[in-house]
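Read the structure below first, then the notes.
Because the structure is a prediction, the values reported are computed rather than measured.
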Amino acid sequence: MKHPREVLLGAQARTGTLPVCDHYSGVEVRMRKSLQLQAEMMQEFGACVFDVSLDCEDGAPVGGEAEHAALVTELALGAAEGARVAVRIHPVDHPAFEADIATIVRKAGAKLAHVMLPKCESLADVEHAARAIDAAGSPDLPLQVLIESPAAVHRAFDIASHPRVQSLSFGLMDFVSAHGGAIPSEGMGIDGQFTHPLVVRAKLEIASACHAHGKVPSHSVITEFKDTAALKRAVTRANREFGFTRAWSIHPDQIRPILEVMAPTEQDIENATTILVKALAADWAPIQHAGKLEDRASYRYYWQVLERAHQTGRRLPTEAQGWFEAARH
């Protein structure tokens, strides 16, 4: 019997199955703590519920890029079995770009979940990075891309179309500063980033480009990490109003709130399971449930609810657990 993913997820049907939280750290002690926390939460949830991205762009001291790349390589190679570890390298026009690839990807590419490419301005930048990663011996390693300027937003659909690109992230602070003062500082804040027209437009363009090409839109940093209620409000808006299905974390205290906000409710999970069990029994033909017609289009939505539940470590009903066990084999 075919797995629901095979039946339901066609060309117009998916935006990836990445963990909903991408946690960034670049200082050695924080990188080590992040990997330790990831391993602990893997044990707690029975799945890897967030990525750890080891940061070379902002984490490496000026003049110490080679040493930092060597440290990131060591940490990636030593990550726990089943961990999702990634690296943010330097931009393609930075002197350390080639060395990052040569050191980290060549030696630890098999352990990496993806490579994050910052300051991506065009499809040509993606192609340049992909060729370098291929030359380093990791032709199947996915790329994620950070969109940080007005020109990059303009080209977001082209960038998202590249088959190697897995996700687009929005670089809020760089995007605002790229406007030379035309966007006030409030545009980087917890509320202004959801109301200033130019920032709103950028977020919608990035999310739309991702959904058009089956990629994952990842929301930018929320800097107010000590205000959990504000963080939850912001991530909720990013998810429900702007269509982002993944968010960055820059402090360990942000990880669980992001998981909580991005997770479906218990009622959503139970409802999705009930409908999909009935659909399977009907060989995916249309059914009636609670006085409503359900068919392949709605089955697809309910399957995505269950995938999101799995990605966020939620408890799945017994009837649904087998689908995710099967997906591992």
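No continuous path of ILVMFWY side-chain contacts below 4.5 Å connects F50 to M42, so the two sit in separate hydrophobic clusters. When the side chains of ILVMFWY residues are joined at heavy-atom separations under 4.5 Å, either directly or via intervening members, V20 and F225 end up in two distinct hydrophobic clusters. When the side chains of ILVMFWY residues are joined at heavy-atom separations under 4.5 Å, either directly or via intervening members, V126 and V87 end up in a single hydrophobic cluster. Under a hydrophobic clustering in which Ile, Leu, Val, Met, Phe, Trp and Tyr are joined whenever their side-chain heavy atoms come within less than 4.5 Å, directly or via other members, V200 and F244 fall into the same cluster. Hydrophobic clustering, with ILVMFWY side chains joined whenever heavy atoms are under 4.5 angstrom apart, keeps L168 apart from L123.
Separation of atoms CD (Q321) and CZ (R315) is listed at 8.0 Å; rounding is to 0.5 Å. The CG atom of L172 lies 14.0 Å from the CD1 atom of I147; values are rounded to the nearest 0.5 Å. Rounded to the nearest 0.5 angstrom, S122 OG and I159 CD1 are separated by 6.5 Å. The NE2 atom of H3 sits 10.5 Å away from atom CG of L280, with the distance rounded to the nearest 0.5 Å. Note: I275 CD1 to W303 CH2 = 14.5 Å, rounded to the nearest 0.5 Å. Note that NZ of K215 is 8.5 Å distant from NE2 of H162, once rounded to the nearest 0.5 Å.
By the 4.0 Å N-to-carboxylate-O rule, E319 lies too far from K278 to be salt-bridged with it.
The two residues R314 and I269 come nearest to each other via the heavy atoms CB-CD1, 3.8 Å. In this structure, T273 and A320 approach most closely via the heavy-atom pair OG1-CB, 3.9 Å. Minimum heavy-atom separation, L146 to F170: CD1-C, 4.0 Å. Nearest heavy-atom pair across A182 and H196 is O-NE2, 4.4 Å. Taking every heavy atom of both residues into account, E205 and V153 meet most closely at CB-CG1, 3.9 Å. For L37 against P252, the heavy-atom pair with the smallest separation is CD2-CB, 4.0 Å.
No side-chain heavy atom of P142 sits less than 4.5 Å from a side-chain heavy atom of V165. Using a 4.5 Å heavy-atom threshold, the side chains of P4 and W284 count as touching. Counting heavy atoms from C-beta outward, V49 and P19 have side chains that stay 4.5 Å or more apart. By the 4.5 Å heavy-atom criterion applied to side chains, I183 and F175 are counted as neighbours. Residues V235 and W248 are not in side-chain contact: their nearest non-hydrogen atoms beyond the backbone lie 4.5 Å or more apart. Counting heavy atoms from C-beta outward, R131 and H128 have side chains that approach closer than 4.5 Å. For the pair L18 and S167, the minimum side-chain heavy-atom distance is below 4.5 Å. Residues C21 and M262 fail the side-chain proximity criterion, which asks for heavy atoms closer than 4.5 Å.
At distances below 3.5 Å, not a single donor-acceptor pair connects side-chain atoms of R296 with backbone N or O atoms of P286. With T103 contributing its side chain and D100 its backbone, the two residues share no donor-acceptor pair below 3.5 Å. Judged purely by atom type and a 3.5 angstrom limit, Q193 uses its side chain to pair as donor or acceptor with the backbone of G189. Side-chain atoms of S138 do not come within 3.5 Å of backbone N or O of D134 as any donor-acceptor pair. Here the side chain of D295 pairs a donor or acceptor atom with the backbone of A297 at under 3.5 angstrom. Although no hydrogens or angles enter the test, the distance criterion places no donor-acceptor pair under 3.5 Å between the side chain of S298 and the main chain of E294. Between the side chain of Q254 and the backbone N or O of I222, at least one donor-acceptor pair lies under 3.5 Å.
Around CZ of R237, the count of heavy atoms belonging to other residues, nucleotides or ligands within 6.0 Å exceeds 12. Remark: K111 NZ is packed, more than 12 non-hydrogen atoms of other residues, nucleotides or ligands lying under 6.0 Å away. Around the CD atom of E266, the shell of radius 6.0 Å holds no more than 12 heavy atoms that belong to other residues, nucleotides or ligands. Counting heavy-atom neighbours within 6.0 Å of Q43 CD, excluding the residue itself, gives a total of 12 or less.
In this pair, H310 and F324 present their aromatic rings parallel. The plane angle is below 30°, not in the 30 to 60° band.
Figure legend: cation-pi geometry between K203 and F194, with NZ or CZ positioned under 6.0 Å from the six-membered ring centre and within 45° of its axis.
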Evaluate the salt bridge (Lys or Arg N to Asp or Glu O under 4.0 Å) criterion for residues R32 and E74: first the C-alpha distance (whole Å), next the side-chain angles of each, then the deciding distance (0.1 Å), finally the verdict.
-> CA-CA 11 Å; R32 292 188 185 278; E74 173 198 329; 3.2 Å; yes
Run the side-chain hydrogen bond (donor to acceptor under 3.5 Å, both in side chains) check on H213 and S161 step by step: do they pass?
-> CA-CA 6 Å; H213 291 289; S161 72; 4.9 Å; no
Side chain to side chain contact (heavy atoms under 4.5 Å, CB included) assessment of L8 paired with Q304 = CA-CA 10 Å; L8 301 176; Q304 290 165 338; over 6 Å; no
Step-by-step salt bridge (Lys or Arg N to Asp or Glu O under 4.0 Å) determination, D227 to R233 | CA-CA 10 Å; D227 188 340; R233 286 197 307 273; 5.1 Å; no
How far apart are the C-alpha atoms of H289 and T274, what are their side-chain angles, what is the distance that settles it, and do they pass the side chain to side chain contact (heavy atoms under 4.5 Å, CB included) test?
-> CA-CA 9 Å; H289 176 74; T274 299; 3.6 Å; yes
Carefully, step by step, assess L75 and V85 under the rule side chain to side chain contact (heavy atoms under 4.5 Å, CB included).
-> CA-CA 9 Å; L75 294 175; V85 183; over 6 Å; no
Stepwise, does the ring-ring contact (aromatic ring centres under 6.0 Å, His included) test hold for H219 with F242?
-> CA-CA 9 Å; H219 193 258; F242 290 80; 7.6 Å; no
List the steps, then state whether side chain to side chain contact (heavy atoms under 4.5 Å, CB included) holds for D93 with F97.
-> CA-CA 7 Å; D93 59 354; F97 168 78; over 6 Å; no
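Side chain to side chain, E307 and Q311 fail the donor-acceptor criterion of an N or O pair below 3.5 Å.
Between D22 and the options R84, R88, R246, a salt bridge (Lys or Arg N to Asp or Glu O under 4.0 Å) holds for only R246. Of the candidates E121, H154, R155, S149 forms a side-chain hydrogen bond (donor to acceptor under 3.5 Å, both in side chains) with just one, namely E121. Screening Q144, E57, H90, H94 for a side-chain contact (heavy atoms from CB on, under 4.5 Å) with P118, the sole residue that qualifies is E57.
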